[in-house]
Every structure is written in structure tokens, then in C-alpha cells.
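Hydrogens, waters and symmetry mates play no part in the numbers below; they use all other heavy atoms, side chains included.
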Amino acid sequence: MMIFNRLPAAANMLLVSVVALNFSMPAAAYGQSAQAPASDPTNAGKAVFSKANCMGCHKWHGNGGGGYGGDALSLRKTELTRDQIIETVGCGRPGTGMPFFIRGAYDEVKCHGMNRQDAGAQMPPEGGTFLRPKDIEAVADYVIAHIKGAGEPTYAECVAFFSNTSRVCDVYKTQGQKPDDATASTGKSQ
């Protein structure tokens with residue numbers, strides 16, 4: 001940069017310091033809090049739920065229903081524990097359309113106490129994408145925090161999932177809940 005050649009050494013050092021400080025603390029430089037706003041720790045799981053197309057069978061709300069994998073069970077009514085959800089996502093469900101999402105399932109990784117030979121004709125299908133163990137844990141945490149035990153889907157939940165710009169949620173407005181009072185209800189039973 002030519003500007004550095006025209007400035008005295010002290011000015012160069014000051015300029016470099018200001019630039020470095022500006023890049024190291026951008027929030028403080030603009031008069032904002034240096035801490036990022038708290039976000040939902042289950043957002044990563046929500047992203048995996050979408051990316052791995054859990055919605056294809058379980059729907060965005062987790063209530064289940066028909067999909068390319070068949071008539072999926074309701075995650076809202078599931079009694080599975082976190083560990084059981086992790087195993088089910090990773091290994092699928094033998095004898096059903098629930099696919100496995102962990103690389104090496106039934107080969108390098110025993111699933112439900114079985115290998116590929118033990119599963120035989122009950123071998124679940126392979127998911128459309130493989131997930132890392134931390135992604136599987138994240139989706140299990142998302143299901144437990146936002147879907148399991150939540151009752152019927154609500155407008156507020158739909159808006160939280162898709163955003164208020166999605167017309168997908170319009171169907172939930174007609175179920176007696178207006179958009180103005182949607183923020184008062186989360187749909188989750190306490």
C-alpha cells in the first residue's frame with residue numbers, strides 16, 4: 001500500500017493498530033454489545049431436521065403421516081428417550097421405512113444389536129445423507145425440546161419453524177388462533 005510509505009513510522013503503527021482493533025472487535029467498534037444475542041441452542045438440530053429431510057415423513061411439526069418413506073410415527077407422541085432417538089436416527093428402524101443416517105450402520109457400527117446379516121430382510125433403508133454423531137445428537141435435542149409431547153401443531157410453532165413469511169402456516173390461522181396471539185402460545189404442554 002502506497003499510503004504507508006508517506007506516513008511516519010508512528011503513524012503507520014497507529015493505523016495498523018486501529019485496523020487490527022476494528023477487525024478484532026467489530027461489535028464494540030460500532031457501539032454494540034460485544035456479546036451475540038442468545039439463540040436457541042437447538043437451532044442446529046432444526047437445521048439437521050430440515051437438511052436430512054426428516055420432514056419428508058414426519059412433517060415439519062413431527063406429527064407424522066404419509067411421506068416417501070411411508071406413514072411415519074408421530075414424534076409428538078413418542079415415548080423414546082434421547083438415547084433411543086439418537087439410536088433410531090443413526091440406525092433407522094429395522095422392518096420399517098425409517099432410514100439410517102450414520103455411515104457404516106450395520107457394517108462397522110452394530111445397530112440395535114445387529115449387523116447387516118442379522119438384519120437380513122428387515123434391514124432399514126439408507127438415508128439420503130449421512131450425519132455426523134453430533135448432528136444426530138442435535139436433531140434428538142431439537143425433537144425433545146420442540147416436538148416431543150407438544151400436542152397439536154399451532155400457528156406459533158409453524159411461524160417459529162418457517163418464519164412469518166411462509167404461507168404454509170396459513171392453515172393454522174383458521175384453527176382458532178389469530179396471528180396476534182400466536183406469540184402467547186408455544187403449543188408445548190408444560
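Here the side chain of H58 pairs no donor or acceptor atom with the backbone of N63 at under 3.5 angstrom. No donor-acceptor pair under 3.5 Å is formed between the side chain of K46 and the backbone N or O of V143. In this structure a side-chain-to-backbone donor-acceptor pair under 3.5 Å is missing from E87 to Q84. Not one N or O on the side chain of H112 forms a donor-acceptor pair closer than 3.5 Å with the backbone of M114.
Rounding to the nearest 0.5 Å places CG of L131 at 5.5 Å from NZ of K51. The NZ atom of K59 sits 12.0 Å away from atom CZ of F161, with the distance rounded to the nearest 0.5 Å. Rounding to the nearest 0.5 Å gives a distance of 8.5 Å between CE of M98 and SG of C57. If you take CZ on R93 and CZ on F100, they are separated by 15.5 Å, rounding to the nearest 0.5 Å. Expressed to the nearest 0.5 Å, how far OG1 of T154 lies from NZ of K173 amounts to 13.5 Å. Summarising the geometry, atom NZ belonging to K148 is positioned 5.5 Å from atom CD1 belonging to I85; distances are rounded to the nearest 0.5 Å.
Judged by distance alone, the side chains of H146 and D40 do bring a donor and an acceptor atom under 3.5 Å apart. In this model, no donor atom of one side chain and acceptor atom of the other lie less than 3.5 Å apart for D141 and T42.
Closest approach of P94 to P124, counting heavy atoms only: CA-CD, 4.0 Å. The minimum heavy-atom distance linking C54 with V139 is given by the pair SG-CG2, 4.5 Å. The nearest pair of heavy atoms linking K77 to S74 is N-OG, 3.3 Å.
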* Run the numbers on Y172 and H61 for side chain to side chain contact (heavy atoms under 4.5 Å, CB included), then give the verdict. => CA-CA 12 Å; Y172 298 99; H61 45 64; 3.3 Å; yes

* Asked: So S50 and M55, side chain to side chain contact (heavy atoms under 4.5 Å, CB included) or not? Walk me through it.
  -> CA-CA 6 Å; S50 296; M55 299 181 338; 3.9 Å; yes

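For R82, the CZ atom is densely surrounded, since the number of other residues' heavy atoms within 6.0 Å is greater than 12. Around CZ of R132, the count of heavy atoms belonging to other residues, nucleotides or ligands within 6.0 Å does not exceed 12.
Checking Y142, F101, W60 one by one against F49, the ring pair (Phe, Tyr, Trp, His ring centres under 6.0 Å) holds for a single residue, Y142.
Hydrophobic clustering (side-chain heavy atoms under 4.5 Å, transitive across Ile, Leu, Val, Met, Phe, Trp, Tyr) keeps V109 apart from F130. In the hydrophobic cluster analysis, where Ile, Leu, Val, Met, Phe, Trp and Tyr join through side-chain heavy atoms closer than 4.5 angstrom, M123 is grouped apart from I102. Using a 4.5 Å cut-off between side-chain heavy atoms of Ile, Leu, Val, Met, Phe, Trp and Tyr, with links allowed through other members, I147 and V159 fall into the same hydrophobic cluster. In the hydrophobic cluster analysis, where Ile, Leu, Val, Met, Phe, Trp and Tyr join through side-chain heavy atoms closer than 4.5 angstrom, L73 is grouped apart from I86.
Listed by first and then second residue, the disulfide (SG to SG under 2.5 Å) pairs involving residues 95-127 are C91-C111 (not counting sequence neighbours).
In this structure the side chain of D107 never reaches within 4.5 angstrom of the side chain of N115, judged on heavy atoms.
Between R76 and E157 a salt bridge is recorded (basic side-chain N to carboxylate O distance below 4.0 Å).
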